[in-house]
Amino acid sequence: MPNEKVHRHHHGNRKKNRAWRIIISLLIFFFIIGGVIVAKVYNDTKSAVDTTYHKVKHDSERSAARTISNGKPFSILLLGTDTGDYGRTYKGRTDTIMVAVVNPNTKKTTLVSIPRDTKVAIPGHGFENKINSAYTYGGTSMAMNIVQSYLNVPIDHYIEMNMGGLVQLSSALGPVKVYNDLDFTSRGYHFKKGTVTLNKKNILAFTRMRYEDSRGDYGRQLRQRNVLEALVKKIATVQGITKYQSILSALSSNMKTDITFNEIKTIATKYRSADNVKQIQLQGYGKMIGGVSFQVVPQKNVNAVTKELRTALELNK
(Lines give C-alpha, C1' and ligand atoms only; values in the text may rest on other atoms or scores of the structure.)
Protein backbone atom coordinates (compact mmCIF):
# COMPACT_ATOMS: atom_id res chain seq x y z
CA MET A 1 0.00 0.00 0.00
CA PRO A 2 2.70 2.51 0.87
CA ASN A 3 4.43 1.76 -2.45
CA GLU A 4 1.15 2.20 -4.28
CA LYS A 5 0.61 5.59 -2.66
CA VAL A 6 4.09 6.69 -3.58
CA HIS A 7 3.53 5.58 -7.16
CA ARG A 8 0.32 7.59 -7.38
CA HIS A 9 2.07 10.60 -5.85
CA HIS A 10 4.82 10.57 -8.48
CA HIS A 11 2.26 10.03 -11.22
CA GLY A 12 0.37 13.13 -10.00
CA ASN A 13 3.61 15.15 -10.00
CA ARG A 14 4.32 14.12 -13.57
CA LYS A 15 0.85 15.32 -14.62
CA LYS A 16 1.34 18.64 -12.83
CA ASN A 17 4.80 19.10 -14.35
CA ARG A 18 3.43 18.30 -17.79
CA ALA A 19 0.64 20.83 -17.31
CA TRP A 20 3.10 23.53 -16.24
CA ARG A 21 5.33 22.75 -19.22
CA ILE A 22 2.34 23.17 -21.54
CA ILE A 23 1.36 26.48 -19.92
CA ILE A 24 4.93 27.78 -20.03
CA SER A 25 5.26 26.68 -23.67
CA LEU A 26 2.03 28.49 -24.55
CA LEU A 27 3.19 31.63 -22.75
CA ILE A 28 6.52 31.54 -24.60
CA PHE A 29 4.63 31.04 -27.86
CA PHE A 30 2.34 34.02 -27.21
CA PHE A 31 5.28 36.18 -26.15
CA ILE A 32 7.09 35.30 -29.36
CA ILE A 33 4.01 35.95 -31.49
CA GLY A 34 3.36 39.17 -29.57
CA GLY A 35 6.95 40.23 -30.12
CA VAL A 36 6.69 39.54 -33.84
CA ILE A 37 3.46 41.57 -34.05
CA VAL A 38 4.94 44.47 -32.09
CA ALA A 39 8.08 44.36 -34.22
CA LYS A 40 5.97 44.34 -37.40
CA VAL A 41 3.87 47.28 -36.22
CA TYR A 42 7.07 49.14 -35.30
CA ASN A 43 8.75 48.40 -38.64
CA ASP A 44 5.63 49.20 -40.67
CA THR A 45 5.15 52.47 -38.80
CA LYS A 46 8.79 53.46 -39.21
CA SER A 47 8.65 52.69 -42.92
CA ALA A 48 5.50 54.80 -43.36
CA VAL A 49 6.92 57.71 -41.36
CA ASP A 50 10.16 57.60 -43.32
CA THR A 51 8.09 57.80 -46.52
CA THR A 52 6.21 60.89 -45.34
CA TYR A 53 9.33 62.68 -44.05
CA HIS A 54 10.23 65.75 -46.10
CA LYS A 55 12.58 68.26 -44.56
CA VAL A 56 12.03 71.88 -45.57
CA LYS A 57 14.01 75.01 -44.84
CA HIS A 58 12.32 77.82 -42.99
CA ASP A 59 13.37 80.68 -40.72
CA SER A 60 13.33 78.69 -37.51
CA GLU A 61 13.70 80.61 -34.28
CA ARG A 62 14.68 77.56 -32.25
CA SER A 63 15.61 73.88 -32.43
CA ALA A 64 12.40 71.89 -32.84
CA ALA A 65 14.22 68.62 -32.12
CA ARG A 66 15.58 69.95 -28.81
CA THR A 67 12.17 71.37 -27.87
CA ILE A 68 10.47 67.98 -28.29
CA SER A 69 13.27 65.94 -26.71
CA ASN A 70 13.02 68.20 -23.63
CA GLY A 71 9.27 67.69 -23.45
CA LYS A 72 8.45 71.37 -23.99
CA PRO A 73 5.38 72.71 -25.84
CA PHE A 74 5.81 72.74 -29.62
CA SER A 75 3.89 74.06 -32.63
CA ILE A 76 2.78 72.47 -35.89
CA LEU A 77 1.49 74.12 -39.06
CA LEU A 78 -1.31 71.95 -40.48
CA LEU A 79 -1.87 72.38 -44.22
CA GLY A 80 -4.69 70.79 -46.19
CA THR A 81 -4.33 71.06 -49.96
CA ASP A 82 -7.13 70.53 -52.46
CA THR A 83 -5.04 68.06 -54.46
CA GLY A 84 -6.95 64.80 -54.82
CA ASP A 85 -10.22 66.63 -54.14
CA TYR A 86 -12.70 65.33 -56.73
CA GLY A 87 -9.97 64.24 -59.12
CA ARG A 88 -7.67 67.26 -58.93
CA THR A 89 -4.05 66.30 -59.57
CA TYR A 90 -2.16 69.63 -59.78
CA LYS A 91 0.04 71.02 -56.99
CA GLY A 92 -2.97 72.41 -55.17
CA ARG A 93 -3.74 75.26 -52.83
CA THR A 94 -3.76 75.26 -49.04
CA ASP A 95 -7.48 75.56 -48.44
CA THR A 96 -6.97 74.53 -44.83
CA ILE A 97 -4.43 76.36 -42.66
CA MET A 98 -4.22 75.66 -38.94
CA VAL A 99 -1.62 76.12 -36.24
CA ALA A 100 -1.61 73.64 -33.37
CA VAL A 101 0.35 74.03 -30.13
CA VAL A 102 0.73 70.88 -28.04
CA ASN A 103 1.44 71.49 -24.36
CA PRO A 104 2.04 68.44 -22.13
CA ASN A 105 2.17 70.58 -18.98
CA THR A 106 -1.35 71.98 -19.32
CA LYS A 107 -2.49 68.78 -21.08
CA LYS A 108 -3.99 70.94 -23.79
CA THR A 109 -3.71 71.35 -27.55
CA THR A 110 -4.56 74.80 -28.88
CA LEU A 111 -5.82 74.71 -32.48
CA VAL A 112 -6.11 77.97 -34.44
CA SER A 113 -7.76 78.19 -37.88
CA ILE A 114 -6.58 80.84 -40.32
CA PRO A 115 -8.93 81.82 -43.18
CA ARG A 116 -7.31 80.90 -46.49
CA ASP A 117 -8.23 84.34 -47.94
CA THR A 118 -6.55 86.27 -45.12
CA LYS A 119 -4.82 89.34 -46.55
CA VAL A 120 -1.06 89.31 -45.94
CA ALA A 121 2.13 90.75 -47.37
CA ILE A 122 4.40 88.23 -49.10
CA PRO A 123 7.99 89.35 -49.76
CA GLY A 124 8.58 89.66 -53.48
CA HIS A 125 4.85 89.51 -54.24
CA GLY A 126 3.45 92.71 -52.75
CA PHE A 127 1.17 93.54 -49.85
CA GLU A 128 -2.17 92.32 -51.18
CA ASN A 129 -1.97 88.55 -51.17
CA LYS A 130 -4.08 85.76 -49.77
CA ILE A 131 -2.23 83.74 -47.17
CA ASN A 132 -2.80 80.51 -49.10
CA SER A 133 -0.81 82.04 -51.98
CA ALA A 134 2.36 81.55 -49.94
CA TYR A 135 2.19 77.81 -50.64
CA THR A 136 1.55 78.46 -54.34
CA TYR A 137 4.53 80.82 -54.58
CA GLY A 138 7.07 78.96 -52.47
CA GLY A 139 5.68 75.67 -51.24
CA THR A 140 5.66 74.52 -47.64
CA SER A 141 8.77 76.50 -46.75
CA MET A 142 7.22 79.85 -47.65
CA ALA A 143 3.92 78.90 -46.03
CA MET A 144 5.74 78.22 -42.75
CA ASN A 145 7.67 81.49 -42.96
CA ILE A 146 4.61 83.61 -43.75
CA VAL A 147 2.44 82.10 -41.01
CA GLN A 148 5.30 82.38 -38.52
CA SER A 149 5.86 86.03 -39.40
CA TYR A 150 2.15 86.90 -39.52
CA LEU A 151 1.36 85.45 -36.09
CA ASN A 152 4.75 86.22 -34.50
CA VAL A 153 4.90 82.64 -33.24
CA PRO A 154 7.68 80.11 -33.92
CA ILE A 155 6.54 77.24 -36.14
CA ASP A 156 8.45 74.10 -35.20
CA HIS A 157 6.99 71.55 -37.62
CA TYR A 158 4.49 71.09 -40.40
CA ILE A 159 2.07 68.39 -41.53
CA GLU A 160 0.67 68.64 -45.05
CA MET A 161 -2.15 66.41 -46.27
CA ASN A 162 -4.24 66.44 -49.42
CA MET A 163 -7.99 65.94 -49.61
CA GLY A 164 -7.61 62.59 -51.36
CA GLY A 165 -5.87 61.41 -48.21
CA LEU A 166 -8.87 62.45 -46.14
CA VAL A 167 -11.05 60.07 -48.16
CA GLN A 168 -8.54 57.22 -47.83
CA LEU A 169 -8.18 57.82 -44.10
CA SER A 170 -11.94 57.79 -43.69
CA SER A 171 -12.09 54.55 -45.67
CA ALA A 172 -9.47 52.97 -43.43
CA LEU A 173 -11.02 54.08 -40.15
CA GLY A 174 -14.68 53.68 -40.98
CA PRO A 175 -17.50 56.08 -40.05
CA VAL A 176 -17.02 58.86 -37.51
CA LYS A 177 -19.64 60.99 -35.80
CA VAL A 178 -19.36 64.78 -35.54
CA TYR A 179 -21.67 67.57 -34.44
CA ASN A 180 -23.06 69.67 -37.28
CA ASP A 181 -24.49 73.09 -36.42
CA LEU A 182 -26.04 73.77 -39.84
CA ASP A 183 -28.65 71.92 -41.90
CA PHE A 184 -27.40 71.80 -45.50
CA THR A 185 -27.09 69.74 -48.69
CA SER A 186 -23.81 69.46 -50.58
CA ARG A 187 -22.92 67.42 -53.66
CA GLY A 188 -26.05 65.33 -53.30
CA TYR A 189 -25.63 64.59 -49.58
CA HIS A 190 -27.92 66.03 -46.93
CA PHE A 191 -26.51 66.81 -43.49
CA LYS A 192 -29.04 67.50 -40.77
CA LYS A 193 -28.36 69.76 -37.82
CA GLY A 194 -27.06 67.72 -34.90
CA THR A 195 -24.88 64.61 -34.83
CA VAL A 196 -24.06 63.29 -38.32
CA THR A 197 -22.16 60.22 -39.48
CA LEU A 198 -19.37 60.74 -42.00
CA ASN A 199 -17.79 58.09 -44.20
CA LYS A 200 -15.54 57.87 -47.25
CA LYS A 201 -18.43 58.82 -49.57
CA ASN A 202 -19.67 61.99 -47.91
CA ILE A 203 -16.72 63.31 -45.88
CA LEU A 204 -15.51 65.68 -48.63
CA ALA A 205 -19.01 67.01 -49.22
CA PHE A 206 -19.19 67.86 -45.51
CA THR A 207 -15.72 69.34 -45.07
CA ARG A 208 -15.49 71.26 -48.35
CA MET A 209 -18.88 73.04 -48.40
CA ARG A 210 -18.85 76.81 -47.81
CA TYR A 211 -21.23 78.51 -50.27
CA GLU A 212 -24.40 77.37 -48.48
CA ASP A 213 -22.99 78.58 -45.17
CA SER A 214 -23.51 82.29 -44.42
CA ARG A 215 -20.25 82.16 -42.44
CA GLY A 216 -18.38 81.14 -45.59
CA ASP A 217 -14.88 79.89 -44.91
CA TYR A 218 -15.35 80.24 -41.14
CA GLY A 219 -18.13 77.66 -41.15
CA ARG A 220 -16.07 75.34 -43.31
CA GLN A 221 -13.08 75.62 -41.01
CA LEU A 222 -15.27 74.78 -38.02
CA ARG A 223 -16.43 71.60 -39.73
CA GLN A 224 -12.88 70.73 -40.73
CA ARG A 225 -11.61 71.13 -37.15
CA ASN A 226 -14.41 68.90 -35.85
CA VAL A 227 -13.68 66.23 -38.45
CA LEU A 228 -9.94 66.36 -37.77
CA GLU A 229 -10.52 65.94 -34.04
CA ALA A 230 -12.91 63.02 -34.61
CA LEU A 231 -10.46 61.22 -36.91
CA VAL A 232 -7.53 61.66 -34.52
CA LYS A 233 -9.58 60.33 -31.60
CA LYS A 234 -10.66 57.29 -33.59
CA ILE A 235 -7.08 56.52 -34.64
CA ALA A 236 -6.21 56.32 -30.94
CA THR A 237 -8.91 53.71 -30.22
CA VAL A 238 -8.44 49.95 -30.23
CA GLN A 239 -10.47 49.80 -33.43
CA GLY A 240 -8.14 52.32 -35.02
CA ILE A 241 -5.03 50.46 -33.91
CA THR A 242 -6.28 47.19 -35.44
CA LYS A 243 -6.53 48.98 -38.79
CA TYR A 244 -3.06 50.47 -38.55
CA GLN A 245 -1.86 49.15 -41.91
CA SER A 246 -4.68 50.82 -43.84
CA ILE A 247 -4.17 54.01 -41.84
CA LEU A 248 -0.44 54.02 -42.52
CA SER A 249 -1.08 53.42 -46.22
CA ALA A 250 -3.47 56.40 -46.39
CA LEU A 251 -1.04 58.66 -44.55
CA SER A 252 2.13 57.61 -46.38
CA SER A 253 0.47 58.15 -49.77
CA ASN A 254 -1.04 61.54 -49.03
CA MET A 255 0.92 63.21 -46.24
CA LYS A 256 4.21 65.04 -45.85
CA THR A 257 5.86 66.15 -42.62
CA ASP A 258 9.23 67.13 -41.18
CA ILE A 259 8.60 65.24 -37.94
CA THR A 260 11.04 62.35 -37.62
CA PHE A 261 10.19 58.86 -36.41
CA ASN A 262 12.18 59.40 -33.21
CA GLU A 263 10.28 62.63 -32.55
CA ILE A 264 6.99 60.82 -33.08
CA LYS A 265 8.02 58.22 -30.49
CA THR A 266 8.82 61.02 -28.04
CA ILE A 267 5.51 62.75 -28.75
CA ALA A 268 3.67 59.46 -28.18
CA THR A 269 5.19 59.10 -24.72
CA LYS A 270 5.63 62.67 -23.45
CA TYR A 271 2.68 64.45 -25.06
CA ARG A 272 -0.11 61.88 -25.12
CA SER A 273 -1.95 63.58 -22.24
CA ALA A 274 -2.46 66.82 -24.24
CA ASP A 275 -5.76 65.59 -25.68
CA ASN A 276 -7.94 68.47 -24.46
CA VAL A 277 -8.42 70.54 -27.62
CA LYS A 278 -9.12 74.28 -27.50
CA GLN A 279 -10.35 75.55 -30.86
CA ILE A 280 -9.82 79.18 -31.90
CA GLN A 281 -10.87 80.96 -35.09
CA LEU A 282 -8.87 83.94 -36.37
CA GLN A 283 -11.68 86.40 -37.12
CA GLY A 284 -11.77 89.01 -39.89
CA TYR A 285 -14.21 90.53 -42.35
CA GLY A 286 -14.67 90.27 -46.10
CA LYS A 287 -13.45 93.06 -48.37
CA MET A 288 -13.10 93.41 -52.12
CA ILE A 289 -9.71 94.82 -53.18
CA GLY A 290 -9.01 95.23 -56.88
CA GLY A 291 -11.87 92.88 -57.69
CA VAL A 292 -10.49 90.17 -55.39
CA SER A 293 -12.24 88.98 -52.23
CA PHE A 294 -10.06 89.04 -49.09
CA GLN A 295 -10.49 88.39 -45.38
CA VAL A 296 -9.06 91.40 -43.58
CA VAL A 297 -8.17 90.56 -39.98
CA PRO A 298 -7.87 93.53 -37.59
CA GLN A 299 -4.48 93.67 -35.89
CA LYS A 300 -6.07 93.40 -32.45
CA ASN A 301 -7.52 90.02 -33.47
CA VAL A 302 -4.12 88.85 -34.70
CA ASN A 303 -2.56 90.03 -31.43
CA ALA A 304 -5.14 88.13 -29.39
CA VAL A 305 -4.40 84.88 -31.24
CA THR A 306 -0.66 85.50 -30.96
CA LYS A 307 -1.03 85.89 -27.20
CA GLU A 308 -2.97 82.61 -26.98
CA LEU A 309 -0.37 80.70 -28.95
CA ARG A 310 2.66 82.20 -27.21
CA THR A 311 1.04 81.45 -23.84
CA ALA A 312 0.42 77.87 -24.95
CA LEU A 313 4.09 77.66 -26.01
CA GLU A 314 5.06 79.11 -22.62
CA LEU A 315 6.96 81.93 -24.29
CA ASN A 316 5.35 84.66 -22.20
CA LYS A 317 6.85 83.46 -18.94
Side-chain angles (χ1 to χ4, degrees), residues 48-49 51-60 64 74-86 88-102 109-120 122 125 129-151 153-170 203-204 207-208 210 217-218 220-229 231-232 235 250-260 263-264 267 277 279-282 295 297 302 305 309:
V49 172
T51 300
T52 64
Y53 181 77
H54 291 270
K55 181 68 175 178
V56 299
K57 292 183 178 180
H58 79 290
D59 302 328
S60 178
F74 70 95
S75 62
I76 308 175
L77 176 63
L78 305 174
L79 300 172
T81 69
D82 59 5
T83 309
D85 179 2
Y86 298 110
R88 295 171 181 166
T89 57
Y90 53 83
K91 179 181 179 181
R93 299 160 297 185
T94 49
D95 279 356
T96 301
I97 305 173
M98 302 181 188
V99 175
V101 171
V102 186
T109 294
T110 303
L111 187 63
V112 173
S113 293
I114 304 173
R116 66 174 192 163
D117 295 337
T118 299
K119 180 178 173 294
V120 297
I122 298 179
H125 299 278
N129 286 280
K130 296 183 178 183
I131 198 166
N132 70 343
S133 297
Y135 180 83
T136 304
Y137 291 141
T140 306
S141 177
M142 182 173 283
M144 293 178 78
N145 285 336
I146 293 301
V147 171
Q148 182 171 255
S149 174
Y150 180 68
L151 294 179
V153 170
I155 300 297
D156 297 314
H157 285 294
Y158 82 92
I159 296 176
E160 176 188 327
M161 188 169 183
N162 64 54
M163 289 298 156
L166 188 64
V167 175
Q168 287 189 35
L169 189 58
S170 176
I203 195 166
L204 282 185
T207 56
R208 297 286 293 135
R210 65 170 175 154
D217 207 35
Y218 293 117
R220 178 166 69 170
Q221 288 176 345
L222 173 63
R223 289 186 289 277
Q224 290 174 346
R225 290 196 302 270
N226 290 340
V227 170
L228 177 62
E229 186 175 352
L231 290 173
V232 170
I235 289 174
L251 294 177
S252 62
S253 300
N254 300 281
M255 189 180 87
K256 294 180 181 179
T257 183
D258 62 347
I259 304 176
T260 67
E263 286 172 331
I264 288 176
I267 292 169
V277 180
Q279 298 190 18
I280 300 173
Q281 175 69 60
L282 183 63
Q295 281 293 316
V297 181
V302 177
V305 167
L309 291 175

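These numbers come from a predicted model, not from an experiment.
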Flag side-chain contact, heavy atom, 4.5 Å: Ile267 against Phe74: yes

Any donor-acceptor pair under 3.5 Å from Ser75 side chain to Pro154 backbone: yes

Test item: side-chain donor near acceptor, Ser113 and Arg225, under 3.5 Å: yes

Intermediate values then yes/no, side chain to side chain contact (heavy atoms under 4.5 Å, CB included), Val297 and Tyr150: CA-CA 11 Å; Val297 181; Tyr150 180 68; 3.4 Å; yes

pair Met144-Tyr135: side-chain heavy atoms closer than 4.5 Å: no

Interatomic distance, His54 atom NE2 to Ser141 atom OG [nearest 0.5 angstrom]: 14.5 Å

Backbone N/O of Ala134 and side chain of His125: donor-acceptor pair under 3.5 Å: no

Nearest-0.5 Å distance, OG1 of residue Thr257 to CD1 of residue Ile264: 6.5 Å

Main-chain N/O of Ala250 paired with Ser253 side-chain donor or acceptor, under 3.5 Å: no

Check: Met142 and Ile122 side chains under 4.5 Å, non-hydrogen atoms: yes

Gap separating the OG1 atom of Thr207 from the CD atom of Gln221, nearest 0.5 angstrom: 12.5 Å

Thr96 versus Gln224, side-chain donor and acceptor atoms under 3.5 Å: yes

Spacing of CG belonging to Leu111 relative to CD belonging to Glu229, to within rounding of 0.5 Å: 8.0 Å

Worked verdict on Leu282 versus Ile280 for side chain to side chain contact (heavy atoms under 4.5 Å, CB included): CA-CA 7 Å; Leu282 183 63; Ile280 300 173; over 6 Å; no

Non-hydrogen side-chain atoms of Val167 and Ser170 separated by less than 4.5 Å: no

Backbone of Thr260 reached by a side-chain donor or acceptor of Glu263 within 3.5 Å: yes

Gln148 side chain near Val153 side chain, heavy-atom distance below 4.5 Å: no

Test item: side-chain donor near acceptor, Asp258 and His157, under 3.5 Å: yes

Point-to-point distance, once rounded to the nearest 0.5 Å, from CD1 of Ile146 to CD1 of Ile155: 12.0 Å

Side chain proximity check, Leu78 to Tyr158, heavy atoms < 4.5 angstrom: no

Reported CG-to-CG distance for the pair Leu166 and Leu204, which is rounded to 0.5 angstrom: 5.5 Å

From Ile131, Val147, Asn132, residue fulfilling side chain to side chain contact (heavy atoms under 4.5 Å, CB included) relative to Val120: Ile131

Under 3.5 Å side-chain donor-acceptor pair for Glu160 and Thr140: yes

Minimum side-chain heavy-atom gap Met98-Ile114 below 4.5 Å: no

Full working for side chain to side chain contact (heavy atoms under 4.5 Å, CB included) between Leu77 and Leu79: CA-CA 6 Å; Leu77 176 63; Leu79 300 172; 3.8 Å; yes

Short side-chain to backbone donor-acceptor contact, Gln295 and Lys119, under 3.5 Å: no

Worked check of side chain to side chain contact (heavy atoms under 4.5 Å, CB included) between Val112 and Gln281: CA-CA 6 Å; Val112 173; Gln281 175 69 60; over 6 Å; no

Heavy-atom pair with the smallest gap, counting every atom of Ala48 and Ser252: O-CB, 4.0 Å

